[in-house]
Amino acid sequence: VELATLVADARRTVGRTLDLLISKRNSQRFISAVKFAAPNAHVAIGIGTRPVVGWINTDVQRAVGLYLDLSKSWPTPDNSISHIYGDNVIEHFPIDVGRMVFRHCADALAPGGRVRFSTPDLERATRAYLENSEVGIQHLAVYAADTGIVTEHPVDLVRMLFAYNGHWQGYLYDFSSLEVELLAAGFVDIIRVEPEQSEDEEFRNLESRTGGTFSYMQLVVEATKPIR
């Protein structure tokens, strides 16, 4: 066995050990933050590099500091969380994992608690492509100018949703499909809202992708855990 291979294997082993130790510590930090904020804890999930001011920001990345694996049951006290928000998170999970994420969110919320998800809107992107609409043309121009993503033809409105940012590994929704999945997870009163807008003031002005055509291309949905 070559030395380089042994070194690489050792680094992976050390890295996995560090990840495990740090995730346990950061999970305890998350639990403590929720307990401190209960019964009105506001939890932002899968934040990456987009923390939400005033919320408990979580991710599986070390740098975030508060660890939460969305594919597992939340390690939080009952009736401690009133709001959950996910900004461009759910599209990164395959449908079977996404269903677990939705169920765990429902379980974690107190009765009457609410969830809000923002995700790319496959239906609006497809309509913009089929209709060759002005908003679609403008959206392609924004991508070409600001992201370096290849946008040669109108079909790229749909293609780029799957081709970039790991979306091919996850699942993209329209409102109808997301509504069905949230109902199955136990949510009620599922509604579509515009980015940054909400009748619930806690959910206003949260989206990170709101400039120009991005607002149109986002699917933002809110739902409620029923009071039994």
Side-chain angles (χ1 to χ4, degrees), residues 23 26-48 50-61 64-119 170-171 173 175-208 218-228:
S23 67
N26 288 347
S27 180
Q28 287 300 316
R29 293 182 63 197
F30 166 60
I31 295 169
S32 297
V34 170
K35 286 181 178 178
F36 181 79
N40 195 36
H42 290 38
V43 180
I45 58 176
I47 64 157
R50 304 180 305 277
V52 181
V53 177
W55 287 56
I56 298 170
N57 291 283
T58 69
D59 208 309
V60 293
Q61 298 182 34
V64 172
L66 299 180
Y67 179 89
L68 178 61
D69 183 347
L70 297 172
S71 68
K72 299 178 181 178
S73 297
W74 291 31
T76 49
D78 292 342
N79 301 322
S80 56
I81 298 172
S82 63
H83 290 73
I84 296 172
Y85 175 60
D87 185 1
N88 282 256
V89 176
I90 59 175
E91 67 272 13
H92 293 283
F93 298 107
I95 187 65
D96 55 336
V97 179
R99 286 169 176 157
M100 291 190 289
V101 171
F102 298 146
R103 287 198 302 272
H104 295 324
C105 285
D107 290 342
L109 282 168
R114 308 193 69 221
V115 68
R116 179 179 173 109
F117 294 117
S118 177
T119 190
Y171 195 90
Y173 299 88
F175 176 73
S176 178
S177 58
L178 186 52
E179 180 183 33
V180 168
E181 295 300 334
L182 291 175
L183 283 169
F187 288 100
V188 296
D189 299 331
I190 300 160
I191 59 171
R192 177 171 192 151
V193 295
E194 291 303 312
E196 300 189 289
Q197 304 300 310
S198 178
E199 292 186 0
D200 185 338
E201 64 180 359
E202 304 298 324
F203 280 146
R204 293 173 192 161
N205 302 313
L206 297 180
E207 276 68 52
S208 62
Q218 288 290 297
L219 170 61
V220 185
V221 172
E222 294 180 3
T224 302
K225 181 174 179 175
I227 300 174
R228 292 187 175 90

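The chain is numbered in sequence order, starting from 1. Nothing here was measured: the structure is a model prediction, and the numbers come from that model.
Partners of F102 by ring pair (Phe, Tyr, Trp, His ring centres under 6.0 Å), not counting sequence neighbours, listed by chain and number: F117. Remark: A37 engages A41, I56 in a side chain to side chain contact (heavy atoms under 4.5 Å, CB included) (not counting sequence neighbours). A search for side-chain hydrogen bond (donor to acceptor under 3.5 Å, both in side chains) contacts involving S177 returns D174, not counting sequence neighbours. Residues forming a salt bridge (charged side-chain N to carboxylate O under 4.0 Å, His left out) with R99 (at least two apart in sequence, or on another chain): E181. Residues forming a side chain to side chain contact (heavy atoms under 4.5 Å, CB included) with D87 (at least two apart in sequence, or on another chain): R50, Y85, S118, S208, R209. Annotation: salt bridge (charged side-chain N to carboxylate O under 4.0 Å, His left out) contacts of E222 (sequence neighbours excluded): R114, R116. Looking at residues two or more places apart in sequence or on another chain, you find a salt bridge (charged side-chain N to carboxylate O under 4.0 Å, His left out) between D69 and K72. Contacts of H104 classified as ring pair (Phe, Tyr, Trp, His ring centres under 6.0 Å), with partners at least two apart in sequence or in another chain: none. Annotation: side-chain hydrogen bond (donor to acceptor under 3.5 Å, both in side chains) contacts of Q197 (sequence neighbours excluded): none.
What you find for P94 and Y171 is that their closest heavy atoms are C-CB, 4.4 Å. Closest approach of V52 to A44, counting heavy atoms only: CG2-CB, 3.8 Å. Closest of all the heavy-atom pairs between L68 and I45 is CD2-CG2, 4.1 Å. Annotation for I84 and C105: closest pair CD1-O, 3.6 Å, computed over non-hydrogen atoms.
Counting heavy atoms from C-beta on, the side chains of Y173 and I95 come closer than 4.5 Å. At least one side-chain heavy atom of Y67 sits under 4.5 Å from a side-chain heavy atom of V60. W55 has its side chain within reach of L206: a pair of non-hydrogen atoms, C-beta onward, lies under 4.5 Å apart.
Counting only distance, with no hydrogens or angles, the side chain of K225 and the backbone of G113 share no donor-acceptor pair below 3.5 Å.
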Show which side-chain atoms of residues 186-195 pair as donor or acceptor with protein atoms under 3.5 Å away, not counting sequence neighbours.
from: R192; atom 1: NH1; to: D121; atom 2: OD2; distance (Å): 2.7
from: R192; atom 1: NH2; to: D121; atom 2: OD2; distance (Å): 2.7
from: R192; atom 1: NH2; to: Q218; atom 2: O; distance (Å): 3.1

Output a table of donor-acceptor pairs, distance under 3.5 Å, between side-chain atoms of residues 74-83 and any protein atom two or more places apart or on a different chain; print 'none' if there are none.
from: S80; atom 1: OG; to: P77; atom 2: O; distance (Å): 2.7
from: S82; atom 1: OG; to: N40; atom 2: OD1; distance (Å): 2.8
from: H83; atom 1: NE2; to: D200; atom 2: OD2; distance (Å): 2.8

Could you give the side-chain donor-acceptor pairs of residues 26-34 under 3.5 Å, partners two or more places apart or in another chain?
from: R29; atom 1: NH1; to: G65; atom 2: O; distance (Å): 3.3
from: S32; atom 1: OG; to: Q28; atom 2: O; distance (Å): 3.0

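With rounding to the nearest 0.5 Å, the separation of CZ in F93 from CG in L70 is 4.5 Å.
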Walk me through whether L178 and I90 qualify under side-chain contact (heavy atoms from CB on, under 4.5 Å). CA-CA 10 Å; L178 186 52; I90 59 175; 4.0 Å; yes
